[in-house]
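Convention: sequence-line order gives letters A, B, ...; per-chain numbering from 1. This structure is a prediction, so every number in the text was calculated from the model and none was measured.
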Protein chains: 2
Amino acid sequence: MTRLVVPRAKTALNPIIAVDLASRGERKLRTRAHLMEGALELMGQGRGFSSLSLREVTRAAGVVPASFYRHFRDLDELGLALVEESGATLRRLLRDVRRDGIPLTDMLRKSVQIYKHHVEAHRLHFLFIAGERGGGAPVIRKAIRTEESHFASEMAQDMRALGLLPGLSSETLRMLCGLVVTTMINAATEILDLPRQQPRLEKELVDNFVRQLRLVFLGASAWRDR
Amino acid sequence: MTRLVVPRAKTALNPIIAVDLASRGERKLRTRAHLMEGALELMGQGRGFSSLSLREVTRAAGVVPASFYRHFRDLDELGLALVEESGATLRRLLRDVRRDGIPLTDMLRKSVQIYKHHVEAHRLHFLFIAGERGGGAPVIRKAIRTEESHFASEMAQDMRALGLLPGLSSETLRMLCGLVVTTMINAATEILDLPRQQPRLEKELVDNFVRQLRLVFLGASAWRDR
DNA sequence: GCCTTGAGTAAACGAACGTTCACTGAAAGC
DNA sequence: GCTTTCAGTGAACGTTCGTTTACTCAAGGC
């Protein structure tokens, strides 16, 4: 049987070539992942998720438009999958910090450094979160808010476990972490917008971020529940 | 996907009927305003600006697609006009607060109340700002960041003039206001997402917002520049 | 080994899109 | 009053869109 179609550029995932690389289920998961990556890549070029078309996404993923429906009902469903994936990335930040432990000296600055690296290492996930948390489809926005909320709660729990700010009630601790998360995500947008190779701007941004957090924690340590 | 869009009532601005209502220049400005309002209204239905089509916007404004080009080169240019308009709305908040004066007792809570009313009274502008500051076209995002920055600087200036937190350096005051603005805009999204007629949720949100600001200002009053 | 399953394909559809063009006709300029 | 200007029109164009359809053909079940 002759093939009239020029082979697709993305040979790595062409089933005709990659036939023996994986089981059927694994290949399906891989295509699904390619669809999600394709959407993220398009967003990485300065596009909002809600401006993407289904055909664009399938094109970026190297499949035909109709294939999309084998994996998602529509773009919103893909968006929700991206929320979940990005939420996992967010959580991994806490897990890494927890595992490494944080020295009490210069703790804030160190945490900000870790965070900055994490954001840069998972650029597209943070771009997605920061971009869709405000605008975009309500269903996606709400899912992101839920992820954020869980993240803040987990952070509060960690602080409790570490014995930080023992004077604060759980409610206040949670409020504090909500504020910290907002500040973090705002900083993520700024980190991602940084022009490359501008150490001056970079230092300024990090310094400002550190100071904001220092201010917040200074307030927290002076806080008295009544 | 089919979308049912209710066409704007043409009669109010139909030149054939409204012929005597204004000069040519005034009517041009009115159409321009209708285009901007049309875009905002569509966003008010849960759409991101970058997902709007030129034809949709003209439909909502009650003009033919080709008319669009008499006012804007493309949708980005309309977006930048919306940034400017929304920035003016943002500034008006400061002006109003300045004019009314703020009582020193329960100042934070009062300010939050004023802010909440302002956000609700200019729902679409805040929706636009909060929605496009993170995602969307880079050119628009940057313009919003610039507006925010000016707003924060103006706020710092006002605080200086009022003699609040006299111990802080200008730089620190500016950093503080940046943090406050971030927190405000985040709260705007939450205010706008509130389900109607839910006083319980509303109080919770306002309380949380007030506490976050209180924490921040508590930190500011304990801050020592070195 | 045959049969079923289902991920991915190719083609087609009507709808919506951005943009252009020549036009109309009231307002503004003279 | 005659002429010029220009905001808005209506039609047309080539694209791209989302979705459906019948299909192919390995993988996996029996």
Protein within reach of the bases, or only the backbone? For nucleotides 18-25 of chain C, mark each nucleotide 5' to 3' as B, S or -, using heavy atoms under 4.0 Å. BBBB----
Got a sec, which residues hit side-chain contact (heavy atoms from CB on, under 4.5 Å) with B:Thr89, two or more places apart in sequence or on another chain? B:Arg92, B:His118, B:His122, B:His125, B:Phe126
Without decimals, in angstroms, what is the distance between A:His71 NE2 and C:dG6 P? 13 Å
Is a salt bridge present between A:Glu154 and A:Arg95, judged by a nitrogen-to-oxygen distance below 4.0 Å? no
Got a sec, which residues hit side-chain contact (heavy atoms from CB on, under 4.5 Å) with A:Asn208, two or more places apart in sequence or on another chain? A:Gln212, B:Met175
Any pair with a residue in residues 126-146 of chain B that passes salt bridge (Lys or Arg N to Asp or Glu O under 4.0 Å), sequence neighbours left out, goes on the list, sorted by first then second residue, please. A:Glu190-B:Arg145, A:Asp193-B:Arg141, B:Arg133-B:Glu148
What is the distance, rounded to the nearest whole Å, between atom CZ of B:Arg27 and atom P of D:dG8? 8 Å
Extract all donor-acceptor atom pairs below 3.5 Å that involve side chains of residues 76-84 of chain B and protein atoms in other chains or at least two apart in sequence.
{"unit_1": "B:Glu77", "atom_1": "OE2", "unit_2": "B:Arg73", "atom_2": "N", "d": "3.4"}

Indicate yes or no: does B:Glu120 engage B:Lys116 in a salt bridge with an N to O separation below 4.0 Å. yes
Just the rounded figure in Å: distance from P of C:dA7 to CG of A:Leu35. 13 Å
Can you sort out the partners of A:Thr146 under side-chain contact (heavy atoms from CB on, under 4.5 Å), two or more places apart, ordered by chain and number? A:His150
What is the distance, to the nearest angstrom, from the CD atom on A:Glu77 to the P atom on D:dG18? 16 Å
Taking CZ from A:Phe72 and P from D:dT19, how many angstroms apart are they, rounded to a whole number? 14 Å
Roughly, in whole Å, what's the span from CZ in A:Phe68 to P in D:dT19? 9 Å
Any A:Ser23 side-chain N or O less than 4.0 Å from OP1/OP2 of D:dA27: no
Length of the NZ-C1' vector between A:Lys28 and C:dT5, whole Å: 11 Å
Donor-acceptor pairs under 3.5 Å, side chain of residues 65-72 of chain A to any protein atom, not counting sequence neighbours: which ones?
none

Those residues at least two apart in sequence (or on a different chain) that pass side-chain contact (heavy atoms from CB on, under 4.5 Å) with A:Gln198 are A:Pro195, A:Leu201
Heavy atom of residues 42-50 of chain A under 4.0 Å from DNA chain C: which residues? none
